[in-house]
Amino acid sequence: DIKALKEAGSQALVVIDGVPGGMAKGSRDNPTDGNAYADLVAAIVQKINIDQKLGVKYWQFWQDADLKDRWTGSAEDFGVLAGRVIERMK
């Protein structure tokens with residue numbers, strides 16, 4: 001519970017891991033539409049930070065992308081996706 005963490009004087013790290021069904025062949029595959037995935041991540045950030053006013057500072061998307069069983073795309077693919085996600089999270 002992010003609100004409880006804040007009230008206790010701590011901060012949350014929110015990890016958005018993988019791809020929802022329908023956005024890729026599998027939950028660890030490069031999204032078929034990187035812009036749609038970036039928009040989804042931005043919507044999650046907006047819900048938590050704007051709508052719920054929780055002010056989370058620390059975000060991570062894609063847990064362990066450097067491991068082949070956690071990300072099936074190339075390093076370049078991940079860099080492109082990361083750029084899209086970061087831009088939309090601002």
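Side-chain atoms are counted along with the backbone in the values below, which use heavy atoms only and exclude waters and symmetry mates.
- Between Asn49 and Lys57 the shortest side-chain heavy-atom distance does not fall below 4.5 Å.
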Audit row: Asp1, Lys6, salt bridge (Lys or Arg N to Asp or Glu O under 4.0 Å) steps and yes/no: CA-CA 9 Å; Asp1 182 331; Lys6 286 187 73 166; over 6 Å; no
Listing, residues 79-90 side-chain donor-acceptor contacts under 3.5 Å, not counting sequence neighbours, or none:
residue	atom	partner	partner atom	Å
Arg88	NE	Asp39	OD1	2.6
Arg88	NH2	Asn35	OD1	3.0

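- Counting only residues at least two apart or on different chains, the ring pair (Phe, Tyr, Trp, His ring centres under 6.0 Å) pairs with a member in residues 22-52 are Tyr37-Trp62.
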Which donor-acceptor pairs under 3.5 Å do side chains of residues 40-47 form with protein atoms, sequence neighbours excluded?
none

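- The side-chain hydrogen bond (donor to acceptor under 3.5 Å, both in side chains) with Arg28 is formed by just one residue from the set Asp69, Asp17, Thr72; it is Asp17.
- For the atom pair CG (Leu54) and CD1 (Ile2), the distance works out to 5.5 Å, reported to the nearest 0.5 Å.
- Taking CZ of Phe78 as the reference point, atom CG of Asn30 lies at 10.0 Å (rounded to 0.5 Å).
- Nearest heavy atom pair, residue Pro31 against residue Ala24, reads CA-CB, 4.0 Å.
- Put simply, CE on Met23 and CG on Asp29 are 13.0 Å apart, with the number rounded to the nearest 0.5 Å.
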